[in-house]
Amino acid sequence: MKHQLTVYNSLTRKKELFVPLHSPFVGMYVCGPTVYGDPHLGHARSAITFDLVFRHLSHLGYKVRYVRNITDVGHLENDADEGEDKIAKKARLEQIEPMEVVQYYNNRYHHFMEKLLVLPPSIEPLASGHIIEQIQLIEKILEAGYAYESNGSVYFDIQKYNENYPYGKLSGRVLDDLLSFTRELDGQQEKRNNFDFALWKKASPEHLMHWPSKWSEGFPGWHLECSAMSSKYLGEEFDIHGGGMDLLFPHHECEIAQTVAASGKESVRYWLHNNMITVNGQKMGKSLGNFITLEEFFTGNHKSLEKAYSPMAIRFFILQAHYRSTLDFSNEALQASEKGLQRLFAAIKTLSQLKATGTSGEYVANLRVKCYEAINDDLNSPILIAHLFDGVRLINAVNDGHESISPEELENLQNLYKTFVGEVLGLQDETASETDVQLIDGLVNMVLEMRIEAKNRKDFAASDQIRNRLLQLGIEVKDRKDGFDWSKK
RNA sequence: GGUCGGUUGGCCGAGUGGCUAGGCAGCGGUCUGCAAAACCGUUUACGGCGGUUCGAAUCCGCCAUCGACCUCCA
């Protein structure tokens, strides 16, 4: 491809040149949401981060197969007595089918992602639709000798694995350290070691989501679906695996162990992790209860929010920070982003109407180089945006007549903003159309009110002129006893 | 307790050795009948101490402090 993209690989803790296994094809797997709750700002960050990766790789010319799963089988909860499935628990609470809960939140997730202009992935597999694949994977791991059955459940044998492979290499953990600091969890008495994790869990009688297997009527373990589905759709070895930093351990560590145990080799080339959104310096998360849902942001209906924020403001806010940094939420910060975005969009509108005047130097070409350098440097969107704001100053200067630009450079500049703002960053000025509608409504009503006044003066020449002129513009006026109706033809 | 990562100006947020990121706010100005908007210009910084260096926000050491993960979590 034409550019040198580097990405920070969590596995090596270094920025590495991105070289796909089978260029121009790229395989990317990202951990999607567990659909038992409304999506919040943290979900948006992960989705937008990997949307940026997806968009940029596509822009560079790669053909990307982007797989993002939906976790609908549910994970174990530590506060439950007998290892209760999250989705099942919620379903009992609401007295509806588990899959109904799944469907509802899945729809909600898609709805809000669309608002944020997050492109849909190429494949979006459901864990519940891949039980057979997961069972097959368990069998492989059992055959390889890295798992054992116990009372209808199957556990991964970490000690055995660690004899042959380095467990903890992704998260920098050492097995001995883990041994010294583990907590009491469900099913501990069934395990050989309390840090072993479940591949298959026998369902308790009150458990609603369960499937048959040779071991028991039960459900697959926490980490299995990603291993099973990534290899199914991307092959035994693929380029990128992404997710939130909080998934690094144990989730992704266990994924590596499962895959290596089953196939003898690692599948992922580049591990990418986005950092967390914080509130007052603390992680925004489900367990802390300090999260704000996307719906709440869009409506402003939350005690911590001073106003509603548009999807694009949220997206821009997230893109103004580098994906590997924590990003602290506050109304002040969000409003700053909102205003900055308005300024950027205003300049783009100016740019579209700009007149070329004479000559200009190398400015645009240099700007283009800088923009590519920024985004190719581990997806540094804040630097890219900073460069785009530098360009805003040029656009305004030309518009004010302080600078000149040649026709060719103008076209290049217009393409530059179209490429980086629209295609790569995925930002669109959607408020324009809505504003325009309101504007038209207001204008037409104002004119028609003036027409009523003309009629009241019996100035029918003026009132007919207004009606005819509006008709020419495609607006049909219908008089009523108490006023008027109008509609667009 | 272990592993990892932060600490940048009023706020957010970039930046791995010299070339003062950027946005918002503030301040000054242009424009305007007034106002607003818009545009232009612009001040304030690198947690503390010590070290390496001609030169450090940037490298090293110590200390302080905050956080993430170690349990479901984007």
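Below, chain A is the first sequence line, B the second, and so on; all start at residue 1.
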Asker: Starting from P on G67(B), measure out to CG on Leu288(A) and report it in whole angstrom.
Answerer: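 Rounded to whole Å, this separation is 11 Å.
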Asker: Mark yes or no for whether Asn376(A), through its side chain, and Tyr372(A), through its backbone, hold a donor-acceptor pair below 3.5 Å.
Answerer: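 Pair found, side chain donor or acceptor close to backbone of Tyr372(A).
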Asker: Report yes or no: is there a donor-acceptor pair, N or O only, under 3.5 Å between the side chain of Arg393(A) and the base of C40(B)?
Answerer: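 Under the 3.5 Å cut-off, the side chain and the base do not form any donor-acceptor pair.
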Asker: Report, one pair per line, the protein and nucleotides 10-17 of chain B atoms (nitrogen or oxygen only) whose separation is under 3.5 Å.
Answerer:
| from | atom 1 | to | atom 2 | distance (Å) |
| --- | --- | --- | --- | --- |
| C11(B) | O2' | Glu332(A) | OE1 | 3.4 |
| G13(B) | OP1 | Asp328(A) | N | 2.8 |
| A14(B) | OP1 | His322(A) | N | 2.6 |
| A14(B) | OP1 | Ser325(A) | OG | 3.0 |
| G15(B) | OP1 | Asn380(A) | ND2 | 3.0 |

Asker: For His251(A) and C72(B), give me the distance from atom NE2 to atom C1', rounded to whole Å.
Answerer: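 In whole Å, C72(B) C1' lies 11 Å from His251(A) NE2.
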Asker: Heavy atoms only, 4.0 Å cut-off, all strands: where does Asn274(A) land among base, sugar-phosphate and nothing?
Answerer: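 Here Asn274(A) touches the bases of the nucleic acid.
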Asker: Considering every strand and a 4.0 Å limit on heavy-atom distances, what is the contact class for Thr49(A): base, sugar-phosphate, or nothing?
Answerer: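 The residue Thr49(A) makes no contact with any strand.
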Asker: Mind checking Arg343(A) for me? I need base, sugar-phosphate or nothing, with any heavy atom below 4.0 Å counting as a touch.
Answerer: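 Contact class for Arg343(A): sugar-phosphate only.
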Asker: Hey, where does RNA chain B pair up into stems, meaning at least three consecutive Watson-Crick or G-U pairs with distances under 3.5 Å?
Answerer: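 Stem list for RNA chain B: B:1-7 with B:64-70, B:10-12 with B:22-24, B:26-30 with B:38-42, B:47-51 with B:59-63.
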Asker: Can Lys115(A) be said to sit on top of Phe297(A)'s aromatic six-ring, NZ or CZ under 6.0 Å from centre and within 45° of the ring axis?
Answerer: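 Not flagged: Lys115(A) not positioned over aromatic ring of Phe297(A).
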Asker: Compare side-chain N and O positions of Lys283(A) against OP1 and OP2 of A74(B) and report whether any pair is under 4.0 Å apart.
Answerer: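 Checking A74(B) against Lys283(A), no side-chain N or O comes under 4.0 Å of OP1 or OP2.
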Asker: Pick out the pairs of N or O atoms, protein on one side and nucleotides 25-29 of chain B on the other, that lie under 3.5 Å.
Answerer:
| from | atom 1 | to | atom 2 | distance (Å) |
| --- | --- | --- | --- | --- |
| A25(B) | OP1 | Lys339(A) | NZ | 3.3 |

Asker: Verify, without hydrogens or angle tests, whether Asn380(A) (side chain) and Ile383(A) (backbone) share a donor-acceptor contact under 3.5 angstrom.
Answerer: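 Judged by distance alone, yes, a pair lies under 3.5 Å.
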Asker: Taking any heavy-atom pair under 4.0 Å as a contact, classify Met245(A): base, sugar-phosphate, or nothing.
Answerer: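 Since no nucleic acid heavy atom lies under 4.0 Å of Met245(A), the category is nothing.
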Asker: Does the ring centre of Tyr233(A) sit less than 6.0 Å away from the ring centre of His130(A)?
Answerer: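 Ring-ring flag for His130(A)/Tyr233(A): true, centres closer than 6.0 Å.
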Asker: C69(B) C1' sits how many Å from Phe197(A) CZ, rounded?
Answerer: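 That distance rounds to 17 Å.
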